[in-house]
Amino acid sequence: MIDAETESQRIAALSSLTGKLKDLFSSWREEIVKNVALLTTVIDFGEDHDIEEVAHLFQDVDQNIQRLESEIEEYLKRVQGSEVLLKGIKLILVGPPNAGKSSLLNYIANQDAAIVSDIAGTTRDIIDIPIDINGYKVVVGDTAGIRAPSAADTIEKEGIKRAKQKAIGGDVVLIIIPVSEEETVDYNDLLELVESLKRENKELVVVLNKQDLLTQTEETTISELSKKLNLSPEQFKLVSCKTGYGMEELTQQFTNIFKKISLSDSADPIVISERAQDLLKNDVLYGFSQFKIWKENEDVVLASESLRQSVEGIGKITGQAVGVEEILGVVFSSFCIGK
Ligand SMILES: Nc1nc2c(ncn2[C@@H]2O[C@H](COP(=O)(O)OP(=O)(O)OP(=O)(O)O)[C@@H](O)[C@H]2O)c(=O)[nH]1
Ligand SMILES: [Mg+2]
């Protein structure tokens, strides 16, 4: 528990200590062995089966394997979600200069982590601050204000370039726009960024800051900007770092996004080693994909060989090797062959 800094990390650490994982892997392994055994009955006792029966058997195995495949893929997705939890969710703040990016960071971090000033271009390079938002470990990256390079000096230009790169590498990106100084915002540039973030499927929230200086209604402001940036109105949040307006709603939205990307709401987070993940992908799932190819070619022997590779993959994780006896054992006990 020493490294568990937040609640979600603590849960993740706990769940890795249980023997549930091994049971799960063993049950997958058993299931695949059973299917290898099913195919073996065709190989070894093929003459006694008519063609239709063989095709039927193949169909059954295919269905079982498909079911298992989606289960394992789903599982790997959850593992990746849990990894995001452990490493910390990367939340990147970008936007025009003077928008209040550093102010927002200070507000959510509840400390003066970044320098705030009314001089545009105050933050010139990226700073990462680890904070806890509703139990989630989050690393907030504050960046240099994005404005037209012609208006920025050399150091600032480099900062802007890095800000954009940083945004692309984040898990969640907040674009901060000041509602009071819209003329300073380069919407073409921001639209370009929005489009590239969409392509990368990043979670994106546009934070409209300085609500205390707003001169028109919230609805009008949001509807205008959602058109300009080609985003839905739900992706906008109006706040004020000065008065705290909208901050609770914003943090609530963060939590919803964190739950979504870490998949930690559906069940306990899971942690397995890098090696186990590789084996699941490169041996188990790969074996399944090979099985499908040989099944298409109606080659029972190679289809069954492919599944053996999957069994061996899991065996490397759980420390179980597969022997002929085991497969034959399942064949004889399950299918009453040889009587
Ligand atoms: N009225 C008002 N002023 C704000 C608000 N948030 C920030 N400010 C002010 O806006 C100015 C710029 O804030 P910063 O947080 O430094 O802005 P930034 O986006 O980090 O700016 P750069 O680092 O230059 O890119 C400061 O003078 C803040 O005090 C707000 O909600 N309302
Ligand atoms: Mg700043």
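Because only heavy atoms are used, hydrogens play no part in the values below, and waters and symmetry mates are left out as well, while side chains stay in.
- Nearest heavy atom pair, residue Gly287 against residue Ser310, reads CA-OG, 3.3 Å.
- At a threshold of 4.0 Å, the pair Arg308-Asp283 does not count as salt-bridged, since none of the basic side-chain nitrogens sits closer than that to a carboxylate oxygen.
- Using a 4.5 Å cut-off between side-chain heavy atoms of Ile, Leu, Val, Met, Phe, Trp and Tyr, with links allowed through other members, Leu285 and Leu302 fall into different hydrophobic clusters.
- Ser27 approaches Leu24 most closely through the heavy-atom pair OG-O, 2.8 Å.
- Put simply, the side chain of Arg275 gets close to the backbone of Lys316: a donor and an acceptor are under 3.5 Å apart.
- Counting only heavy atoms from C-beta outward, the side chains of Gln80 and Ile261 never approach each other to under 4.5 Å.
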| side chain to side chain donor-acceptor pair (under 3.5 Å) assessment of Ser226 paired with Ser223 | CA-CA 5 Å; Ser226 74; Ser223 105; 5.6 Å; no

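- With a 4.5 Å cut-off on side-chain heavy atoms, Asp142 and Ile92 do not count as touching.
- Among Val206, Leu208, Val207, the single residue meeting the side chain to side chain contact (heavy atoms under 4.5 Å, CB included) criterion with Leu238 is Leu208.
- Taking CD1 from Ile89 and OG from Ser262, the interatomic distance works out to 5.5 Å, rounded to the nearest 0.5 Å.
- Taking 4.5 Å as the limit, some side-chain heavy atom of Phe25 sits within range of a side-chain heavy atom of Leu280.
- Two residues are said to be in side-chain contact when any heavy atoms from C-beta on lie closer than 4.5 Å; Lys202 and Val172 fail this criterion.
- With a 4.5 Å cut-off between side-chain heavy atoms of Ile, Leu, Val, Met, Phe, Trp and Tyr, the cluster of Val139 takes in none.
- When only modelled atom types and interatomic distance are considered, Glu83 and Gln277 share a side-chain donor-acceptor pair under 3.5 Å.
- Counted by atom type alone, Asp212 and Thr243 present zero donor-acceptor pairs between their side chains at under 3.5 Å.
- Hydrophobic clustering (side-chain heavy atoms under 4.5 Å, transitive across Ile, Leu, Val, Met, Phe, Trp, Tyr) groups Leu21 together with Ile317.
- For Asn209 (side chain) and Ile177 (main-chain N/O), no donor-acceptor pair under 3.5 Å exists by modelled atom type.
- Under a hydrophobic clustering in which Ile, Leu, Val, Met, Phe, Trp and Tyr are joined whenever their side-chain heavy atoms come within less than 4.5 Å, directly or via other members, Leu213 and Leu250 fall into different clusters.
- Between Lys166 and Asp128 there is a salt bridge, since a side-chain N of the basic residue sits under 4.0 Å from a carboxylate O of the acidic one.
- Hydrophobic clustering places Phe236 together with Tyr187 (ILVMFWY residues linked when any side-chain heavy atoms are closer than 4.5 Å, directly or through intermediates).
- Taking CG from Leu204 and CG from Leu231, the interatomic distance works out to 5.5 Å, rounded to the nearest 0.5 Å.
- Following chains of ILVMFWY side-chain contacts shorter than 4.5 Å, one cannot reach Tyr286 starting from Leu76, and the two form parts of different hydrophobic clusters.
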Distance-only donor-acceptor pairs under 3.5 Å for side chains of residues 290-297, two or more places apart:
residue, atom, partner, partner atom, Å
Lys292, NZ, Glu69, OE1, 3.0
Lys292, NZ, Glu69, OE2, 3.1
Asn297, ND2, Ile293, O, 3.2

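- Using a distance-only test at 3.5 Å, with no hydrogens or angles considered, no donor-acceptor pair links the side chain of Ser240 to the main chain of Gln211.
- Contact detail for Pro178 and Pro96: the closest heavy-atom pair is CD-CG, 4.0 Å.
- Side-chain contact check for Glu192 and Asn188: no donor-acceptor pair (N or O, by modelled atom type) lies under 3.5 Å.
- Of all non-hydrogen atoms in Lys210 and Ser180, the two that sit nearest each other are CD-OG, 3.6 Å.
- Interatomic distance, Leu91 CG to Ile131 CD1, rounded to the nearest 0.5 Å: 7.5 Å.
- For the pair Val239/Tyr107, no side-chain contact is recorded, criterion being any heavy-atom separation below 4.5 Å from C-beta on.
- When all heavy atoms of Asn282 and Gln309 are compared, the pair lying nearest together is O-NE2, 4.1 Å.
- Smallest separation of non-hydrogen atoms from Lys101 and Thr143: CE-O, 3.4 Å.
- Side-chain contact between Glu203 and Asp171: absent, with no pair of heavy atoms (C-beta onward) separated by less than 4.5 Å.
- Note on ring orientation: taking the six-membered ring where Trp is involved, the planes of Phe254 and Phe258 are parallel (angle under 30°, cut-offs 30° and 60°).
- Annotation: Lys242, atom NZ; neighbour count of heavy atoms from other residues, nucleotides and ligands within 6.0 Å does not exceed 12.
- In this structure, Tyr136 and Asp132 have side chains that are not in contact, with every pair of non-hydrogen atoms separated by 4.5 Å or more.
- You'll find the side chain of Glu31 reaches within 4.5 Å of the side chain of Arg67, heavy atoms only.
- Considering Leu279, Ile32, Val33 in turn, Ile32 is the only one that fulfils the side chain to side chain contact (heavy atoms under 4.5 Å, CB included) rule with Ile314.
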